[in-house]
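Below you'll find the structure, written out as structure tokens, and then a few comments.
Everything numeric here is computed off the predicted structure, so don't read it as measured data.
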Amino acid sequence: MTVMVNKKVLVTGSSGFIGSHIIREFFDLGYEVISVSRTDQSSSFTLDISGDTDWSDVLDDIDIIV
């Protein structure tokens, strides 16, 4: 049985071991998953995670950040 949650979750470190597993769990629960990584590995966004990064486009309508 699939539960439709209609929530958006942003996962940073999505190309790592833990991030990739978190993404899978949220996806299986029915969340819309937005992934962010420092390297391009099938992520939604590839960003340098620093104080100079503009997150405004990425954070639009996000309900949860991991």
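- Considering only heavy atoms from C-beta on, I64 stays 4.5 Å or farther from L10 through its side chain.
- I34 has its side chain out of reach of V11: every pair of non-hydrogen atoms, C-beta onward, lies at least 4.5 Å apart.
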>> Does I65 form a side-chain contact (heavy atoms from CB on, under 4.5 Å) with L59? I'd like the steps, not just the answer.
In response: CA-CA 9 Å; I65 299 173; L59 296 176; 3.8 Å; yes

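- Atom CD1 in I62 sits 10.0 Å away from atom CH2 in W55 (nearest 0.5 Å).
- Note that CG of L29 and NZ of K7 are 13.5 Å apart. Values are rounded to the nearest 0.5 Å.
- Within the 3.5 Å criterion, the main-chain N or O of V36 finds a donor-acceptor partner in the side chain of S14.
- Contacts of I18 classified as side chain to side chain contact (heavy atoms under 4.5 Å, CB included), with partners at least two apart in sequence or in another chain: I22.
- Remark: the backbone N or O of K8 is paired with a side-chain donor or acceptor of D63 at under 3.5 angstrom.
- Applying the side chain to side chain contact (heavy atoms under 4.5 Å, CB included) rule to E25 yields no partners; only residues at least two apart in sequence or on another chain are considered.
- Proximity of V66 to F26: side-chain heavy atoms (C-beta onward) are separated by under 4.5 Å at one or more points.
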